[in-house]
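Notes follow the structure.
When a ligand or atom number is given, it counts from 1 through the structure's own listing order. Because the structure is predicted, anything quoted here is derived from the model rather than measured.
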Amino acid sequence: MKAVLKQRNLLGIRGLSAGEITYILDTAETFREVSEREIKKVPTLRGRTIINLFFEPSTRTRTSFEIAGKRLSADVINISSSSSSVSKGETLLDTARNLEAMSPDLIVIRHPSAGAPHQLARVCRASVVNAGDGSHEHPTQALLDALTIRQRKGDFKNLRVAILGDILHSRVARSNAHLLTTLGAQVSLAGPGTLAPPELASLVEGSELRVERRIEDAIEGADVVMVLRIQRERQDNAFLPSLREYAVHYGLTRKRLALAKSDAIVMHPGPMNRGIEIASDVADGASSLILDQVANGLAVRMAVLYLLGGGLGTMPQGYEPTTQAKSETKKVETQSTAEKATAPLRAAVTAGGSDSSNS
Ligand code: CP
């Protein structure tokens with residue numbers, strides 16, 4: 001089966017079609033099951049090499065990309081800015097060319113500069129995955145957010161999503177704005193005027209993105225309330241009078257959350273500033289899906305590595321599915337299009353079984 005993901009790289013959500021997004025989410029759903037097994041490993045990317053290149057701090061993204069690669073049986077190498085020769089003055093492109101000389105299959109990059117993954121993609125034969133570039137995009141975060149929303153809400157059509165806080169510096173907000181509007185959700189952005197200026201309404205061409213001045217107006221009637229971190233490291237001007245004042249006027253409290261629908265869900269990409277953009281009782285409350293987001297991050301990153309890394313969707317010549325895999329594949333011939341799209345993967349994961357060997 002040919003994968004329906006047209007891109008060789010995942011540099012952003014902008015430009016992905018609704019079909020491509022749905023295909024990645026369907027594939028991720030298939031991989032969730034692997035993490036529930038006793039032996040959480042499949043041979044899907046055995047023999048492939050993944051380099052994780054992180055030039056900014058990260059807990060969730062870096063760890064989940066590493067675990068994802070290892071659960072797919074790839075060889076995974078982690079490089080951080082302090083441990084790379086960039087700290088000795090080497091340019092990013094020279095680093096990339098040197099890594100490329102070692103023939104990796106995938107390079108995952110987080111970088112403080114917008115566009116760094118695109119630069120890498122221009123010089124590398126390996127597929128490049130953007131793990132967050134400056135204030136530009138964080139595509140796998142938006143995909144894991146979408147998977148979390150879909151699991152709870154089912155459909156995105158006319159779903160009301162409020163994205164609150166430091167929109168201006170947020171790659172998460174940008175990727176989510178593209179993804180959610182592409183799938184038909186109604187998205188409202190809100191925050192202080194300095195961090196959520198009205199011009200952001202034109203962030204996604206042809207969409208009905210709203211920018212509210214008062215966060216209460218965005219939260220009212222929302223199905224999903226997504227809170228963003230105040231990014232002090234990207235603020236070189238006086239965007240906020242004080243964090244205390246921000247918490248009072250823009251923090252998500254229980255009182256403000258009560259304006260949303262009674263079954264609204266609360267999300268935050270992490271890391272959280274508790275007591276600033278989100279009250280602790282909201283972050284830990286019954287509506288919070290913050291840790292579900294993290295669990296889904298692993299499944300989404302397995303799906304992305306699988307789809308771009310030439311997994312079973314583009315199996316090398318000579319691959320002979322087992323009888324069980326063949327019968328699984330035959331079974332899905334009568335299933336829906338979405339089920340059909342991930343059928344070979346499901347069949348192969350079943351046929352390949354668990355792999356407890358070290359990668
Ligand atoms: N959401 C997110 O990107 O978290 P990390 O910075 O910990 O990777």
Using the ring of F65 (Phe, Tyr or Trp, six-membered ring only), decide whether R301 places NZ or CZ under 6.0 Å from its centre and within 45 degrees of its axis.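 Here R301 passes the 6.0 Å and 45° test against F65.
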I would like to know whether R37 and I39 meet side chain to side chain contact (heavy atoms under 4.5 Å, CB included); could you show each step before the answer? CA-CA 5 Å; R37 295 179 184 181; I39 300 193; 5.6 Å; no
Inventory of protein N or O atoms under 3.5 Å from ligand 1 N or O:
{"from": "ligand 1", "atom 1": "1 (N)", "to": "Q141", "atom 2": "OE1", "distance (Å)": "3.0"}
{"from": "ligand 1", "atom 1": "1 (N)", "to": "P269", "atom 2": "O", "distance (Å)": "2.9"}
{"from": "ligand 1", "atom 1": "1 (N)", "to": "G270", "atom 2": "O", "distance (Å)": "3.2"}
{"from": "ligand 1", "atom 1": "3 (O)", "to": "T61", "atom 2": "OG1", "distance (Å)": "3.0"}
{"from": "ligand 1", "atom 1": "3 (O)", "to": "R110", "atom 2": "NH2", "distance (Å)": "2.9"}
{"from": "ligand 1", "atom 1": "3 (O)", "to": "H138", "atom 2": "NE2", "distance (Å)": "2.9"}
{"from": "ligand 1", "atom 1": "4 (O)", "to": "R60", "atom 2": "NE", "distance (Å)": "3.0"}
{"from": "ligand 1", "atom 1": "6 (O)", "to": "R110", "atom 2": "NH1", "distance (Å)": "2.9"}
{"from": "ligand 1", "atom 1": "7 (O)", "to": "T59", "atom 2": "N", "distance (Å)": "2.8"}
{"from": "ligand 1", "atom 1": "7 (O)", "to": "R60", "atom 2": "N", "distance (Å)": "2.9"}
{"from": "ligand 1", "atom 1": "7 (O)", "to": "R60", "atom 2": "NE", "distance (Å)": "3.1"}
{"from": "ligand 1", "atom 1": "7 (O)", "to": "R60", "atom 2": "NH2", "distance (Å)": "3.0"}
{"from": "ligand 1", "atom 1": "8 (O)", "to": "S58", "atom 2": "OG", "distance (Å)": "2.6"}
{"from": "ligand 1", "atom 1": "8 (O)", "to": "T61", "atom 2": "N", "distance (Å)": "2.9"}
{"from": "ligand 1", "atom 1": "8 (O)", "to": "T61", "atom 2": "OG1", "distance (Å)": "2.6"}
{"from": "ligand 1", "atom 1": "8 (O)", "to": "R110", "atom 2": "NH1", "distance (Å)": "3.4"}
{"from": "ligand 1", "atom 1": "8 (O)", "to": "R110", "atom 2": "NH2", "distance (Å)": "3.3"}

From R97 atom CZ to L92 atom CG, the distance as rounded to the nearest 0.5 Å: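 Reported to 0.5 Å precision, the distance equals 10.0 Å.
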Rounded to the nearest 0.5 Å, how far does CD of E66 lie from CZ of R71?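 CD of E66 is found 11.5 Å from CZ of R71.
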R174/D133 ion pair, N-O < 4.0 Å: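 A salt bridge is absent here (no side-chain N lies under 4.0 Å from a carboxylate O).
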After noting the C-alpha distance and the side-chain angles of L159 and D155, does the key distance pass the side chain to side chain contact (heavy atoms under 4.5 Å, CB included) rule? CA-CA 7 Å; L159 200 72; D155 193 13; over 6 Å; no
